[in-house]
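Report on one structure; see the data block that follows.
A quick note: this is a predicted structure, and the numbers were derived from the prediction, not measured.
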Amino acid sequence: MADPATYRPAPGEIPDSPGVYRFRDEHGRVIYVGKAKSLRQRLNSYFQDVAGLHPRTQQMVTTAASVQWTVVGTEVEALALEYSWIKEFDPRFNVKYRDDKSYPYLAVTLADQFPRVQVMRGAKRPGTRYFGPYAHAWAIRETVDLLLRVFPVRTCSAGVFKRAHQQGRPCLLGYIEKCSAPCVGRISQEDHHVLAEEFADFMAGDTARFTRRLTARMKEAAADLDFERAARLRDDIAALERATEKNAVVLSDGTDADIFALAGDELEAAVQVFHVRDGRIRGQRGWVVEKVEDVTDAELVEHLLQQVYGDAPGGEAGATAGAVPREVLVPVLPPDLDQVQAWLSGLRGSRVHVRVPQRGEKHELAGTVRKNAEHALALHRTRRAGDLTTRSQALREIQEALGLESAPLRIECYDVSHNQGTYQVASMVVFEDGLARKPEYRQFSIRGPEGDGARDDTAAMHEVITRRFRRYLAEREQSGDLELGLGEDQVAEALADTDAGPVRSGPVDATTGRPQRFAYPPNLVVVDGGPPQVAAAAAALAELGIDDVALCGLAKRLEEVWLPGEEYPVILQRSSEGLYLLQRVRDEAHRFAINAHRKKRSKGMTTSALDDVPGLGPARSAALLKHFGSLKRLRAASVEEIASVPGMGARTAAAVVAALGGAAPSGPGAVAQAEAGAGRGATPEGAAADGAAPDAADGAAPQVPAPAAGTDPAGMLGS
């Protein structure tokens, strides 16, 4: 715990201007971001008597080790900068809204050559229009099934589309006229794209235009006595009306609005929003937030609007659930109402009103949204893993059981997975404040002393712990903050061993403030296993001179917690929240290691002799095998025969012959061509071949000789 007086800025240093400030901990990581109309007044409020601060603010200022600020021109700029920094740094003491479920969206992939209509979840992709979110995926499918009668857009996957194109025969939807079958050329690429755009326009609320157009066509068909066509158009109009009626009118004036509601207590709050477009509910979404900072409901609403609309694209309202509508209805007004409205108006491109509904239909609908928020909060409280009080209790129990000085806010767990010693992979998972931090997971390929893997699990665990913490020491040495001195040769060795590229100064990036990959140490290291694995990890830490990181192992058989050098394990009660958290951490590391092992094994079992040919990629390898029929025939082929394959040149053909060790190159200059081709197409030592990404765990690919086929050339699997 730090004393705030030790890093308090000197009097007169803080400007009396609007801006954004950041508190950092002893490792340089941003733990809190805030904005202020006056930086001087706001920051001085943090450095008063600690006893007079809110408990959560007390914890923040005593965890911090420094404070920085950035002056901006207006309060609107401060609002935008605060949101972007919260999103970038993910500070642990800032309010973060987490979806209480994964909501499905109806997506139209307009960026594709042949746009597709599908149900999608997760992160938004560029070039795709989203509609929703919906409560259930089946609701989306029912709507799409109705609309495909009028807008027969492609809905099949890429594999089905490709197979239909190759066979020259559409799928069932093409035969029943619920797909225009662009796969077999029944409709041109341009016309199909127009059809997809019309589908998106209808979903965005422009329904009357299509109804009027179909009605006019129906009347024309009836006037021409083409009653069959008129009947089909009549049924199309009915389908559009049924699709529209699925979203009941809730605002008779046809308003575009987002209606928010808030329900919570001192520790948590649940938020619900109804997205209303053209008077109809087009989507619903919910969040649950832990009040890790001292905030009022008004400040919660301001943070919520930042998150919901921070990435909203400009353009037509209703195009996505995140698009800014003309009206935003909230339970309480944010403290800086004028700045929030100006910010939202800038995102939309026209005036946006933020207000509290007082009477009428909007007030009644806001009450319905609040009931949904209350129900979501009650449901969330029943979920054990997401409960703040339960997680705090778990960390406290672990601290007491292991005799730690403070609660282990950051826990790293390691596990090793292999198949009888082959395809050895280790995993590192990270939990902070009792919750998984998946972006910080890492996967390691076990090398062993000879480069062919470790002799057993204990040797593999020793190697992984050594590589992880050697990199930590190297990065801290580069920053100059490490008391334990490493020589220049040792630093270089550590960086080479962990496949690292150039090290930036400090444990955090000087421009972004994000911690380096391994510069932030854990409070507790957990290994999957008993005394042998714990002893191996302890030996690795001792060899590196690290004595300020706690270590334990969790054995599967009896769920015993083993400490280094102890004859008997620590037994936690079966109903203990601390044991439950350790089990979740261990199981997550086990799952992550198995997935990495399976990927590596699958990759190793599908290798080909052509994979090692310099300058030969997957496309030309497939062309060669298709032309010759087998690798045996390819080995017997001459340079001229290989060069005759479309896409192959004389140099690459000579390189193929030389690499496969088949028939001697024939023709004048073939040997010289083979040597030149091999030299020209060869991948530099240590670089990733065929566009392969460098090691995602440690940085760039290692500067080591190329390994045997079936191993990971980067030394680690990418996470």
Side-chain angles (χ1 to χ4, degrees), residues 1-10 13-14 19-35 39 43 46-47 57-71 81-82 84-94 96 292-293 405-412 428 430-433 435 437 439-442 468-486 491 494-495 498 500-525 544-546 548-549 697-699:
M1 294 293 182
D3 183 0
T6 60
Y7 63 89
R8 179 174 184 171
E13 282 189 357
I14 309 175
V20 183
Y21 55 91
R22 294 171 290 177
F23 281 89
R24 297 176 180 266
D25 63 9
E26 58 181 348
H27 303 287
R29 191 157 79 164
V30 177
I31 62 172
Y32 184 75
V33 173
K35 64 175 178 60
L39 287 170
L43 290 179
Y46 288 104
F47 296 102
T57 307
Q58 287 182 19
Q59 186 180 7
M60 189 274 290
V61 297
T62 53
T63 303
S66 63
V67 61
Q68 299 172 332
W69 57 85
T70 300
V71 177
L81 182 59
E82 180 194 30
S84 64
W85 277 357
I86 290 176
K87 181 180 178 182
E88 179 180 0
F89 299 132
D90 191 21
R92 52 173 295 208
F93 286 102
N94 276 97
K96 305 182 201 60
V292 293
E293 58 175 310
E405 295 182 358
S406 59
L409 297 180
R410 180 183 172 98
I411 301 175
E412 293 181 2
M428 179 187 95
V430 180
F431 275 58
E432 285 194 354
D433 295 334
L435 293 176
R437 297 275 294 187
E440 299 189 23
Y441 286 12
R442 295 292 180 266
R468 186 265 184 264
F469 284 94
R470 183 181 292 163
R471 178 61 187 266
Y472 159 62
L473 294 178
E475 291 185 351
R476 293 302 302 271
E477 176 72 15
Q478 289 287 317
S479 69
D481 296 333
L482 189 64
E483 295 181 1
L484 176 65
L486 290 178
V491 172
L495 298 181
T498 52
V503 176
R504 297 161 296 189
S505 61
V508 296
D509 189 293
T511 58
T512 67
R514 291 179 175 176
Q516 303 244 32
R517 287 188 173 119
F518 291 113
Y520 194 64
N523 302 109
L524 174 65
V525 169
L544 295 174
I546 296 177
D548 57 349
V549 175
D698 289 326

- Hey, mind stepping through Thr62 and Met60 against side chain to side chain contact (heavy atoms under 4.5 Å, CB included) and telling me if it holds? CA-CA 6 Å; Thr62 53; Met60 189 274 290; over 6 Å; no

- Task: Please examine the side chains of Tyr32 and Val61, heavy atoms only from C-beta on, and report whether any two atoms are closer than 4.5 Å.
- Result: no

- Pro522 and Val549, any side-chain heavy atoms less than 4.5 Å apart: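 With C-beta onward as the side chain, the pair touches.
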
- Task: Applying side chain to side chain contact (heavy atoms under 4.5 Å, CB included), run through Trp69 and Val20 and close with a yes or a no.
- Result: CA-CA 6 Å; Trp69 57 85; Val20 183; over 6 Å; no

Shortest non-hydrogen separation from [X] to [Y] and the atoms involved:
X      : Y      : answer
Pro91  : Val33  : CG-CG2, 3.8 Å
Val67  : Pro9   : CG1-CG, 3.9 Å
Glu440 : Val430 : O-CG2, 3.6 Å
Ala65  : Tyr7   : O-CB, 3.2 Å

- Got a sec, which residues hit side-chain contact (heavy atoms from CB on, under 4.5 Å) with Asn523, two or more places apart in sequence or on another chain? Pro408, Leu409, Arg410

- With Thr70 via side-chain contact (heavy atoms from CB on, under 4.5 Å) - residues at least two apart: Arg22, Leu81, Trp85

- Task: Output, in order, the C-alpha distance, side-chain angles, deciding distance and verdict of side chain to side chain contact (heavy atoms under 4.5 Å, CB included) for Thr57 and Phe93.
- Result: CA-CA 9 Å; Thr57 307; Phe93 286 102; over 6 Å; no

- Could you list the residues that satisfy salt bridge (Lys or Arg N to Asp or Glu O under 4.0 Å) with Asp25, not counting sequence neighbours? none

- Query: Does the ring centre of Tyr21 sit less than 6.0 Å away from the ring centre of Tyr46?
  - Reply: yes

- Worked check of side chain to side chain contact (heavy atoms under 4.5 Å, CB included) between Arg442 and Arg468: CA-CA 10 Å; Arg442 295 292 180 266; Arg468 186 265 184 264; over 6 Å; no

- Message: What's the separation between atom CD1 in Ile14 and atom CZ in Arg8, rounded to the nearest 0.5 Å?
- Response: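 So the CD1 of Ile14 and the CZ of Arg8 are separated by 7.5 Å.
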
- Item | Main-chain N/O of Arg29 paired with Arg24 side-chain donor or acceptor, under 3.5 Å | no

- Item | Phe23 and Phe47 aromatic ring geometry - parallel, tilted or perpendicular at 30°/60° bounds |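 Aromatic pair Phe47/Phe23 classed tilted.
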
